[in-house]
Structure formats: structure tokens, C-alpha cells
Amino acid sequence: MPPSRVLILGGTADAREIAEALAAAGHATISSLAGVTTQPLRPAGALRVGGFGGSNGLARYLAAEHINLVIDGTHPFAAQISRQAMEACVCCDVPLFRFERAPWATQEGDTWIPVPSVGAAAEVLPAGARVLLTIGRRDMAVFFGRPDISGIARMIEPPPASPPPHWRVVCERPPFSEASEVALLDEGAITHVVSKNAGGSSTEAKLTAARKRGIPVVMIARPEKPAVPVFTSRDALLAAVGRVLSP
Ligand code: NAP
């Protein structure tokens with residue numbers, strides 16, 4: 001029998017780790033990236049890059065590539081592709097699992113300002129705030145458009161448009177250490193950190209650094225994702241894959 005074909009919707013370190021484990025277990029994996037990063041880290045197994053063309057395009061892809069299982073390993077804030085994956089899998093009767101890292105939770109010493117959206121995060125910042133902005137390269141405009149706040153915007157690759165002069169862009173790929181995050185807060189005279197509640201360890205050091213410096217974190221809540229089987233542990237996900245597929 002040919003090996004089972006698993007499509008992994010990726011763009012995260014978790015998805016790369018899942019691809020590696022499934023490939024090692026003998027499954028034929030195809031990792032899919034949106035193509036937003038020009039130099040992505042390459043996962044194990046096959047790779048395809050670029051959108052599918054909505055849920056109908058994804059459904060056509062699943063049928064054409066004889067996909068037996070889809071694993072949604074996308075970022076917790078990538079809501080559109082998760083919805084499209086659910087619609088396409090229902091349409092093609094292909095099982096769909098989602099891997100989702102647990103969100104971060106406040107700890108003693110934290111001052112979080114919870115907000116429901118990126119727009120709300122930009123609105124809640126007081127005039128004069130010096131901000132460490134860690135929300136990726138999209139959605140910068142609402143922050144850059146405020147003349148009364150400034151700071152450092154960190155992302156993996158440069159933004160599509162240059163920032164205004166009162167902002168500095170730092171391009172770096174996680175993981176980050178607590179020491180380097182504290183140094184960045186100090187160097188930028190940062191008064192507020194803005195973060196999506198992404199969860200995971202590779203970008204968590206900004207939170208411990210903010211705690212150490214007594215700096216508030218404007219924490220953007222996750223968007224809703226569709227109700228499909230969700231795993232927060234990689235081992236539990238791999239065990240479930242083993243139950244529905246044989247390599
Ligand atoms: P999104 O809003 O949910 O999706 C936008 C469109 O991008 C989708 O409609 C789809 O295009 C395409 N797409 C997204 N993920 C894809 C994938 N894995 N393979 C193929 N096409 C994909 O997604 P997003 O927030 O722009 O994120 C894009 C990618 O970056 C995701 O893969 C995500 O895991 C990663 N990422 C996102 C964030 C974040 O904060 N949003 C952070 C880190 C990494 P079509 O409709 O044409 O199929």
C-alpha cells in the first residue's frame with residue numbers, strides 16, 4: 001500500500017516539528033506555506049508554497065493530490081486558512097486535525113491589558129508611549145499612523161512600506177532570550193509591549209522581560225477558529241494520526 005498522504009498547513013515551528021515526526025513515521029507529508037516569508041525554514045517531506053484559492057481551491061487540491069488527512073498547524077492568528085481548511089475537508093470528507101499551542105496566561109508580576117483586536121491594541125496605547133510592537137509585519141498602519149506613539153517594531157522580514165521616522169524596525173527570527181529582550185526594552189526606553197497571544201516558548205521571553213521591568217503588555221486575544229479536533233500536545237496529535245492512518 002502506498003504511504004498515507006498528509007497535508008500540513010504550516011508557517012509555524014510547530015508545523016515543521018509535526019512534519020518531521022510524521023515523515024520519520026513513514027507518512028508522505030506535504031507541508032503548505034502561504035508564501036509570505038521569502039526565506040522560510042524548510043520542513044521535512046514535500047513542500048508547496050502559495051495560497052490554494054479559497055476553500056474551493058483547497059478542496060480541488062485535496063482531491064487532486066489524494067490527501068488522506070489534513071493537519072492545520074497554522075499560527076493561532078491565521079483564522080482564514082483554518083476556516084477554509086474546515087470547509088474544504090467537510091466538502092471532500094477528509095479528516096482534519098488542528099494543532100494549537102496553549103495560549104500564554106498571566107503570572108504573578110504581570111500587568112496585561114487584554115484587547116480583542118489589533119485595532120483595539122493601537123487605540124489603548126496612551127499618548128507618548130514607547131512601544132515594542134511584536135505582531136509581525138502586517139497591520140502596522142494603525143500604529144504607524146499615530147503620531148503620538150513611537151518605538152520598535154520587530155518582525156522576521158522588513159515591512160512592505162518604510163516605517164515613519166519615529167519608529168525603528170528590527171528584523172530578527174525567534175527564538176529570543178530573556179537577556180536580549182530585557183536589553184531591547186532598555187535600549188528602546190520601552191513603556192509598553194504589544195503582543196498577540198500566540199503562546200509557545202520561542203517568543204515568550206518578551207513577557208518575562210516585561211515582567212522583570214514592570215512594563216505593561218497589551219495582549220491581543222486569539223480569533224475564533226472552527227470547531228474541529230484540536231490537540232495542544234504534539235504526542236497526542238501524532239497518536240491520533242496513528243489511529244486514523246497507517247503509514
Ligand atoms: P490567513 O489570514 O488565515 O490566510 C490568508 C490566506 O493566505 C488564505 O486565505 C490562504 O490563501 C493563504 N494561506 C494561509 N496559510 C496558508 C498555508 N499554510 N498554505 C497555503 N496558503 C495559506 O493567514 P495569515 O494570518 O495571513 O498567515 C499566513 C501564514 O503565516 C500562515 O500559514 C500562518 O501559519 C503564518 N503565520 C501567521 C502569523 C499571524 O500572526 N497571522 C504569524 C506567524 C506565522 P488562499 O485563500 O488563496 O488559499
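Ligands are counted one by one from 1 in listed order, and the atoms in each one are counted from 1 as well. Fair warning: this is a prediction, and the values are worked out from it, not measured in the lab.
- With respect to the salt-bridge test (charged N to carboxylate O, under 4.0 angstrom), the residues Arg234 and Asp14 do not qualify.
- Looking only at atom types and distance, the side chain of Lys225 has a donor-acceptor partner in the side chain of Thr74 under 3.5 Å away.
- Among Ser31, Gly11, Ser55, the residue whose heavy atom sits closest to atom 35 (C) of ligand 1 is Gly11.
- Side-chain atoms of Arg101 come within 3.5 Å of backbone atoms of Gly199 as a donor-acceptor pair (strictly under, hydrogens ignored).
- Using a 4.0 Å cut-off between heavy atoms, Leu33 contacts ligand 1 through its backbone alone, with no side-chain atom that close.
- For ligand 1, the atoms sitting less than 4.0 Å from at least one non-hydrogen atom of Phe52 are 19 (N), 20 (C), 45 (P), 47 (O), 48 (O), numbered in the order shown with element in parentheses.
- Taking atom 32 (O) of ligand 1 as the reference point, the nearest protein heavy-atom neighbour is Gly10 O, 2.8 Å.
- Which parts of ligand 1 touch Gly54 is read off a 4.0 Å heavy-atom cut-off, strictly below it: atoms 45 (P), 46 (O), 47 (O), 48 (O).
- Listed by atom number, the atoms of ligand 1 under 4.0 Å from Arg48 heavy atoms are 20 (C).
- Atom 11 (O) of ligand 1 has its closest protein heavy atom at Gly51 CA, 3.7 Å.
- The heavy atom nearest to atom 13 (N) of ligand 1, considering only Ala88, Ala34, Ala13, is found in Ala34.
- Remark: ligand 1 and Ile81 share an N or O pair separated by less than 3.5 Å (distance only, no angle test).
- Closest heavy-atom contact between Ala34 and Val49: C-CG1, 4.5 Å.
- At the top of the distance list for atom 8 (C) of ligand 1, counting protein heavy atoms only, stands Gln84 NE2, 3.8 Å.
- No donor-acceptor contact under 3.5 angstrom links the side chains of Glu157 and Thr37, judged on distance only.
- Within the structure, ligand 1 lacks Gly136 among the residues with a heavy atom less than 4.0 angstrom away.
- For the side chain to side chain contact (heavy atoms under 4.5 Å, CB included) test with Phe97, the passing option among Val241, Val6, Asp72, Val230 is Val241; the others fail.
- Of the protein's non-hydrogen atoms, Ala78 CB, 3.5 Å is the one closest to atom 23 (O) of ligand 1.
- Nearest to atom 9 (O) of ligand 1 by heavy atom, out of Arg137, Met155, Gln80, is Gln80.
- Remark: aromatic rings of Phe52 and Tyr61 are close, center separation under 6.0 Å.
- The closest approach between any non-hydrogen atom of Gly35 and ligand 1 is not below 4.0 Å.
- For atom 43 (C) of ligand 1, the nearest non-hydrogen atom from the set His75, Arg222, Arg138, Lys196 belongs to His75.
- Across Arg211, Lys212, Arg154, a single residue satisfies salt bridge (Lys or Arg N to Asp or Glu O under 4.0 Å) together with Glu181, and that is Arg154.
- In summary, the side chains of Ser55 and Gln84 do not present any donor paired with an acceptor at a separation below 3.5 Å, with no hydrogens or angles considered.
- The nearest heavy-atom contact from the protein to atom 30 (O) of ligand 1 is Val36 CG2, 3.9 Å.
- Considering only non-hydrogen protein atoms, atom 47 (O) of ligand 1 sits nearest to Gly53 N, 3.0 Å.
- For Ser233 and Asp235, the side-chain atoms include no donor-acceptor pair closer than 3.5 Å.
- Near Ala79, meaning under 4.0 Å from one of its heavy atoms, ligand 1 places the atoms 3 (O).
- When each of Ile135, Asp139, Asn197 is paired with Ile220, the side chain to side chain contact (heavy atoms under 4.5 Å, CB included) condition holds for Ile135 and for no other.
- Neither side chain, Ser31 nor Arg16, offers a donor N or O lying under 3.5 Å from an acceptor on the other.
- Taking a cut-off of under 4.0 Å to the non-hydrogen atoms of Ser32, the atoms of ligand 1 that pass are 17 (C), 18 (N), 19 (N), 20 (C).
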